[in-house]
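Only a predicted model underlies this, so the values are computations on that prediction, with no experimental measurement involved. Both backbone and side-chain heavy atoms feed into the values below; hydrogens, waters and symmetry mates do not. Within every chain, numbering begins at 1; the chains are lettered A, B, ... in the order of the sequence lines, protein sequences first and strands thereafter.
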Number of protein chains: 2
Amino acid sequence: MSLRHAIMVDLWREDGTGYEIAKRFQEGFGFSWKASHPQIYTELKKLTDLGWVEFKKVEQEHKPAKKIYTLTEDGLEALKEWIDTPVDIAPIRDAFLIKMAAGSLATPKLFLEEVRERKVISDEKLKYFKKIEEVMQKETGKGNPEVEFPFLSLRAGILTFEAYSHWFDEVIEYLEGL
Amino acid sequence: MSLRHAIMVDLWREDGTGYEIAKRFQEGFGFSWKASHPQIYTELKKLTDLGWVEFKKVEQEHKPAKKIYTLTEDGLEALKEWIDTPVDIAPIRDAFLIKMAAGSLATPKLFLEEVRERKVISDEKLKYFKKIEEVMQKETGKGNPEVEFPFLSLRAGILTFEAYSHWFDEVIEYLEGL
DNA sequence: GGCGTCATGTAAAAGGTTACATGATTCC
DNA sequence: GGAATCATGTAACCTTTTACATGACGCC
């Protein structure tokens, strides 16, 4: 049940509508979670029933009304409790690694194309992360845990995407030499 | 629907019972997929109905009868087709990264403990991967695609777990200095 | 006229986990 | 006596995705 807590952390950092949360999550939410909008609306309703979040309805002209959600005191307590409880290690489920293991069954040209595309996308993400890193390092509040922890979370993304980048190079080198 | 293809790749590499496939998958199946036994038995039934795998029933003394599954010709064709079709990039869903982003809400002692435990487990896995790597490098058939592709798949595991190892060091250094 | 953005949701289907069920053997 | 290994499966539940549904505005 980590979606619940991912939403709570997101709201803890900044209030927002379901729509805004969904947008942040589609881009990977601080590089750590992915979720779609129906999932988020459903979970926000459950969290409201629990009293862990609450919302203010805001009418808008020329736009549909929106609900701005906030984490409650109870929600913050529940979140702290969750953070102090160890979580399971995330299972690896990457279909591309299955394909790699059976790469000898692939049409080499198509496979090389897919690898190259992946490297481009992966490197773009890495570049984006590094840009954020730079901004964070210049930020006032350096040394402040509320800046340092998200920074470390970002570092996980940077280090893993750097690893991917090197891996793609190894794969491309092999495929080009075939 | 990657579980299906993960099972097919597994059977393509070596015939086996549902029980054996489940065992390999619990350990991460070549570091790329995780699945539980009810899921595998269910999928094997579907694959049998499709004619993509078949089994021989083998009676055993002092042990329950077992079904040894094999990939069929049709199954191999379907697998090749899948491999030539690009797959989506795997979403990141790591609850621990959520916790990291909100680490300032944690009880430092408990958090540091969890990170240290994770580093130990992660480094053990890395050591295990590196042992396999060594064995593979000495293997006859070096240069053979059926050895090289699984090797590259393993390399993905090694590079990402090395990245994790460095990341844990960064995190531990910060937490110890708090 | 169609697409993208803002903004909410419901419903059905697919994918995955956990609990239940059985039963013999071997090892501590 | 209890736990682990081998070997199969079903059923209930939870999680996630995809499709459906609505509606106004601005842009090309």
Side-chain angles (χ1 to χ4, degrees), chain A residues 1-8 11 15-29 32-50 53-69 87-95 98, chain B residues 1-8 11 15-29 32-50 53 55-69 82 87-95 98:
Chain A
M1 237 200 294
S2 298
L3 169 65
R4 168 163 301 180
H5 301 99
I7 291 173
M8 288 199 278
L11 286 177
D15 292 357
T17 65
Y19 185 85
E20 284 164 345
I21 299 169
K23 241 189 358 180
R24 290 176 230 163
F25 274 61
Q26 253 144 30
E27 288 306 300
F29 171 62
S32 53
W33 206 266
K34 206 226 134 208
S36 59
H37 85 264
Q39 225 187 333
I40 286 162
Y41 284 119
T42 309
E43 194 59 44
L44 280 171
K45 192 173 178 309
K46 287 183 200 165
L47 280 166
T48 307
D49 291 345
L50 279 164
V53 304
E54 55 188 21
F55 62 85
K56 281 175 276 184
K57 203 165 185 176
V58 178
E59 301 292 336
Q60 300 178 103
E61 273 182 74
H62 313 302
K63 271 183 195 174
K66 61 183 180 183
K67 296 177 179 174
I68 298 170
Y69 286 89
V87 286
D88 287 344
I89 287 163
I92 296 171
R93 265 200 200 106
D94 189 342
I98 301 169
Chain B
M1 236 200 294
S2 298
L3 169 65
R4 170 164 301 180
H5 301 99
I7 291 173
M8 287 199 278
L11 287 177
D15 292 356
T17 65
Y19 184 85
E20 284 164 346
I21 299 170
K23 239 188 2 180
R24 290 176 230 163
F25 274 62
Q26 254 144 30
E27 288 306 301
F29 170 62
S32 53
W33 206 265
K34 206 226 135 208
S36 59
H37 84 266
Q39 226 186 333
I40 285 161
Y41 285 118
T42 309
E43 194 59 46
L44 280 170
K45 192 172 179 308
K46 287 183 198 164
L47 280 166
T48 307
D49 291 345
L50 279 166
V53 305
F55 62 84
K56 280 175 276 184
K57 203 166 185 177
V58 178
E59 302 290 338
Q60 300 177 103
E61 274 179 76
H62 313 304
K63 271 184 195 174
K66 63 182 179 182
K67 295 177 179 176
I68 298 171
Y69 286 89
W82 177 74
V87 285
D88 288 345
I89 287 164
I92 295 170
R93 263 200 202 105
D94 189 342
I98 302 170

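Atom CD1 in A:Ile21 sits roughly 15 Å away from atom P in C:dC6 (whole-Å rounding). Counting to the nearest Å, the C1' atom of C:dG15 and the CE atom of B:Met1 are 10 Å from each other. When the C1' atom of C:dT18 is taken as reference, atom CD of B:Gln26 falls 13 Å away, rounded to whole Å. Spacing between atom CZ of B:Phe55 and atom C1' of D:dG9 amounts to 13 Å, rounded to whole angstrom units. The separation between B:Asp88 atom CG and C:dG15 atom C1' is 15 Å, rounded to whole Å. Atom CD of A:Glu43 and atom P of C:dG9 are 14 Å apart (whole Å). Between B:Lys45 atom NZ and C:dG15 atom P there is a gap of 16 Å when expressed in whole angstrom units. In this structure, B:Arg24 atom CZ and D:dA7 atom P are separated by 12 Å, rounded to whole Å.
Taken from NZ in A:Lys56 to CG in A:Asp15, the straight-line distance is 6.5 Å, to the nearest 0.5 Å. Taking CD of B:Glu43 as the reference point, atom CG of B:Leu50 lies at 8.5 Å (rounded to 0.5 Å). Atom-to-atom distance recorded for A:Leu44:CG and A:Ile7:CD1 is 5.0 Å, nearest 0.5 angstrom. Distance check: A:Tyr69 OH to A:Glu20 CD gives 12.0 Å after rounding to the nearest 0.5 Å. How far OG1 of A:Thr48 is from NZ of A:Lys45: 7.5 Å, rounded to the nearest 0.5 Å.
When heavy atoms are screened at a 4.0 angstrom cut-off, A:Ser36 is found touching base atoms of the nucleic acid. Backbone-only contact: B:Arg93 has heavy atoms under 4.0 Å from sugar-phosphate atoms and none from a base. Within 4.0 Å (heavy atoms only), B:Thr42 reaches no atom of the nucleic acid at all. Across all strands, B:Lys67 comes closer than 4.0 Å only to sugar-phosphate atoms, never to a base (heavy-atom distances).
Along DNA chain C, the nucleotide nearest to B:Leu3 and the one nearest to A:Tyr69 differ in position, and the one closer to the 5' end is contacted by A:Tyr69. Between B:Glu20 and A:Lys46, it is B:Glu20 whose nearest contact on DNA chain D lies nearer the 5' terminus.
Put simply, the side chain of B:Arg93 gets close to the backbone of A:Lys34: a donor and an acceptor are under 3.5 Å apart.
The listed nucleotides are C:dG9, D:dC6, D:dG23; the one nearest the side chain of B:Lys23 is D:dC6. Nearest to the side chain of B:Trp33, among D:dC6, C:dG16, D:dT17, sits C:dG16. Out of C:dT8, C:dG23, C:dC6, the shortest distance to the side chain of A:Lys66 is found at C:dT8. You'll find that the side chain of B:Pro64 is closest to D:dC6, out of C:dC6, C:dT17, D:dC6. Side-chain proximity of B:Thr17 to D:dT8, D:dC6, D:dT10: nearest is D:dT8.
One finds a side-chain N or O of A:Tyr19 lying less than 4.0 angstrom from the OP1 or OP2 phosphate oxygen of C:dC6. At C:dA7, one or more side-chain N or O atoms of A:Gln60 fall inside 4.0 Å of OP1 or OP2 (strictly under the cut-off). In terms of phosphate contacts, B:Lys34 brings a side-chain nitrogen or oxygen within less than 4.0 Å of OP1 or OP2 of C:dT17. Between B:Gln39 and C:dG15, a side-chain N or O to OP1/OP2 separation shorter than 4.0 Å is absent. The phosphate of D:dG9 has neither OP1 nor OP2 within less than 4.0 Å of any side-chain N or O from B:Tyr41.
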